[in-house]
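Worth knowing before you read on, the calculation uses all heavy atoms, side chains too, and leaves out hydrogens, waters and symmetry mates. Residue numbering restarts at 1 for every chain, and letters A, B, ... go by the order of the sequence lines.
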Amino acid sequence: MKRSKISVLLKSKPSAETVLIKGWVRTRRDSKGFSFIEINDGSCRENMQVIAGQELENYADILRLSTGSAAAVTGRLVASQGQGQAWEVQATGVEIISIAPDAYPLQKKRHSDEFLRGIAHLRPRTNKYGAAFRIRSELSYAIHRFFKERGFTYIHTPIITASDCEGAGEMFRVTTLNPDNIPKAGRSVDYSLDFFGRQANLTVSGQLEAELFALALGDVYTFGPTFRAENSNTRRHAAEFWMVEPEMAFCDLAGDMALGEEMVKYLVAYVMDECCSDLDLFARFVDKNLMATLENIASSDFVRLPYREAVDILSSATEKFDYEVGFGKDLQSEHEHYLTERHFKKPVIVYDYPATIKPFYMRVNSDGETVAAMDVLVPSIGEIIGGSQREERIDVLEARMDEAGLLRENYWWYLDSRRFGSVPHSGFGLGFERLIMLITGISNIRDVIPFPRTPGSIEF
RNA sequence: UCCCCAGUAGCUCAGUCGGUAGAGCAGAUGGCUGUUAACCAUCGGGUCCGUGGUUCGAGUCCGCGCUGGGGAGCCA
């Protein structure tokens with residue numbers, strides 16, 4: 001018989017038909033003459049309650065099924081006589097696939113996130129992490145669907161790159177040179193002997209490559225891993241994370257902001273519609289205000305706030321800040337929190353930042369001192385999207401590169417895109433893990449990545 | 001990288017003024033019951049993170065280190 005997923009069985013109609021389920025024992029409760037076994041197969045948060053009677057020939061063995069053990073159960077799917085679940089399986093056969101010894105670290109009680117991080121190979125077997133990673137999967141699908149519905153083309157930009165993308169952060173080196181015997185050309189490393197014949201790194205952004213494809217295919221996006229070797233030790237940073245980067249030809253900053261807002265709302269609404277059961281777990285046990293927060297995001301208009309006005313608001317706030325506010329200074333975490341959580345109480349898009357604090361590729365505004373940049377700030381998480389209209393005028397772009405100390409010859413291909421058929425275009429980067437944090441209420445990025453990489457931590 | 005906090009049973013934690021180790025859950029055994037974080041009883045269970053020091057005596061106080069967490073910076 002073909003095995004049925006519990007998620008499918010729970011949605012089916014009563015038929016008393018014989019089914020086969022396979023999964024892991026979450027808990028077992030014995031009664032006189034029979035035993036209740038809760039089986040979870042990972043297809044959904046809910047367990048299937050199995051009734052195993054003493055008439056089963058291996059009943060003595062069934063009583064040894066401990067939490068974490070694996071079993072295959074054949075039986076009739078019937079309406080449950082008890083409270084708490086609609087369905088149950090009256091077992092006609094229980095095959096014990098494997099018994100988990102007492103040393104199994106997961107118990108049928110709440111564990112701390114810190115403890116579970118230490119057993120990242122087992123934590124997806126818990127309700128909370130199973131739900132988190134199912135939502136992560138659903139969100140990935142929703143991202144592709146969002147762009148598909150809008151005619152975007154999915155681009156795979158390179159993971160290994162030679163461009164040091166305007167110093168978006170420290171980069172991981174990619175090399176096949178022997179660290180114990182590095183070839184030198186004079187005092188510096190002779191990269192001509194390295195695999196690619198020059199210095200290579202893991203990508204910190206697919207943006208520059210995505211721009212080239214936007215200027216060919218119109219609307220494109222990337223969705224893949226990104227690497228930052230920054231020594232960041234916070235609940236919002238990881239060395240390896242996933243980023244979504246749409247890039248649109250013939251699009252200005254207003255269109256960029258509109259897409260960012262539309263996308264965040266779409267994804268929030270998607271999970272609210274499609275992941276009710278998993279989301280409910282987070283709303284009940286992780287963040288009591290989660291549903292109100294999500295409804296607020298899905299239904300309210302995001303504030304559009306020029307950087308200058310943000311500075312004015314912060315300057316006249318009665319709140320005391322540790323960091324000074326002023327034109328030319330970047331907004332600090334405390335400022336973002338104030339704007340989204342206390343002043344506006346909803347997502348805020350700050351735009352038109354001073355050119356001095358933004359990278360070379362952002363389009364210089366007519367005032368000459370600001371650039372067409374925008375950050376989408378959300379309560380609790382802070383910056384979830386950073387984007388801009390790109391500088392399409394080659395003379396301005398080259399001047400900005402010179403100011404930033406970047407060598408034009410290293411970006412000849414990027415500059416070519418402005419030389420041949422350049423058009424206004426815009427894009428942004430959305431931190432995928434931060435989005436999951438926003439939607440689930442999970443407060444640490446290490447808990448929304450299956451096997452997180454952070455400074456000093458790469459066990460799994 | 002900086003600042004702060006924590007580390008005690010398999011897990012979550014308590015441990016008073018410095019006086020020699022506790023609870024709940026988990027486990028084992030028995031009982032009861034269409035149960036549902038099942039329940040009741042009994043039992044077993046400790047390198048108090050490591051190291052050095054103060055003291056008659058350190059889980060407790062002090063130094064150093066390790067690990068984890070929170071905040072900041074950087075950013076998504």
Side-chain angles (χ1 to χ4, degrees), chain A residues 26-39 46-53 64 66-68 78-85 88 90 100-119 126-127 165-170 204-207 223 225-245 260 285 321-323 330-337 357-359 375-378 381-387 428-438 443-449 454-457 459:
Chain A
R26 281 294 167 77
T27 180
R28 201 194 74 242
R29 296 176 293 271
D30 302 325
S31 194
K32 197 179 193 77
F34 57 98
S35 184
F36 299 95
I37 311 166
E38 298 243 6
I39 299 278
E46 291 79 8
N47 304 325
M48 179 64 82
Q49 176 164 284
V50 171
I51 314 297
R64 301 206 338 270
S66 51
T67 299
V78 298
S80 177
Q81 298 172 30
Q83 306 292 309
Q85 63 281 316
E88 64 190 18
Q90 294 278 356
D102 320 340
Y104 184 61
L106 294 174
Q107 300 171 4
K108 47 187 179 189
K109 55 167 262 188
R110 197 183 172 285
H111 291 288
S112 69
D113 292 325
E114 290 84 358
F115 171 71
L116 292 170
R117 260 170 235 153
I119 50 170
T126 64
N127 291 334
C165 193
E166 40 62 48
E170 290 295 312
V204 292
S205 166
Q207 180 201 316
F223 181 21
T226 306
F227 307 88
R228 304 276 168 90
E230 285 292 331
N231 188 17
S232 293
N233 294 283
T234 81
R235 60 185 184 83
R236 304 183 307 279
H237 292 86
E240 178 180 317
F241 63 99
W242 283 56
M243 193 152 62
V244 181
E245 296 180 286
F285 300 118
F321 296 117
D322 292 334
Y323 287 83
D330 216 344
L331 299 184
Q332 304 294 321
S333 291
E334 58 179 353
H335 305 140
E336 297 177 355
H337 285 135
I357 57 172
K358 289 295 182 182
D375 286 349
V376 179
L377 311 177
V378 294
I381 312 290
E383 183 180 345
I384 194 167
I385 284 178
F428 62 78
L430 175 142
F432 186 50
E433 282 76 14
R434 290 189 181 175
L435 177 75
I436 302 171
M437 291 168 71
L438 176 71
S443 57
N444 195 311
I445 197 168
R446 301 176 187 94
D447 298 333
V448 299
I449 304 179
T454 53
S457 175
E459 179 68 18

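Backbone-only engagement by A/Arg117 is indicated by non-hydrogen atom pairs under 4.0 Å involving sugar-phosphate atoms exclusively. Within 4.0 Å of A/Arg26, counting heavy atoms only, lies no atom of the nucleic acid at all. Nucleic acid contact class of A/Ile445 (heavy atoms, under 4.0 Å, all strands): base.
Checking B/G22 for Watson-Crick or G-U wobble geometry (two distances, each under 3.5 Å) identifies B/C13 as its partner.
For A/Asn231, whose side chain is taken as the heavy atoms from C-beta onward, the closest listed nucleotide among B/C75, B/U1, B/G70 is B/U1. You'll find that the side chain of A/Glu114 is closest to B/G68, out of B/C74, B/G68, B/A76. Of the candidates B/A76, B/G73, B/C74, B/A76 carries the atom nearest the A/Arg228 side chain, counting heavy atoms from C-beta on. Checking B/C11, B/C74, B/U12 against every side-chain atom of A/His111, the shortest atom distance belongs to B/C11. With B/C75, B/A72, B/G69 as the candidates, the nucleotide lying closest to the side chain of A/Arg434 is B/C75.
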If the sugar-phosphate is the primed atoms plus P, OP1 and OP2 and the base is the rest, what is the B/S/- string for nucleotides 24-43 of chain B, using protein heavy atoms under 4.0 Å? BSSS-----BBBBBB-----
Audit row: A/Glu245, A/Ser205, side-chain hydrogen bond (donor to acceptor under 3.5 Å, both in side chains) steps and yes/no: CA-CA 8 Å; A/Glu245 296 180 286; A/Ser205 166; 2.8 Å; yes
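Partner of A/Phe432 under the ring-ring contact (aromatic ring centres under 6.0 Å, His included) criterion, chosen from A/Trp242, A/Phe223, A/Phe241: A/Phe223.
Not a single donor-acceptor pair, N or O on each side, falls under 3.5 Å between the base of B/C75 and the side chain of A/Ser232.
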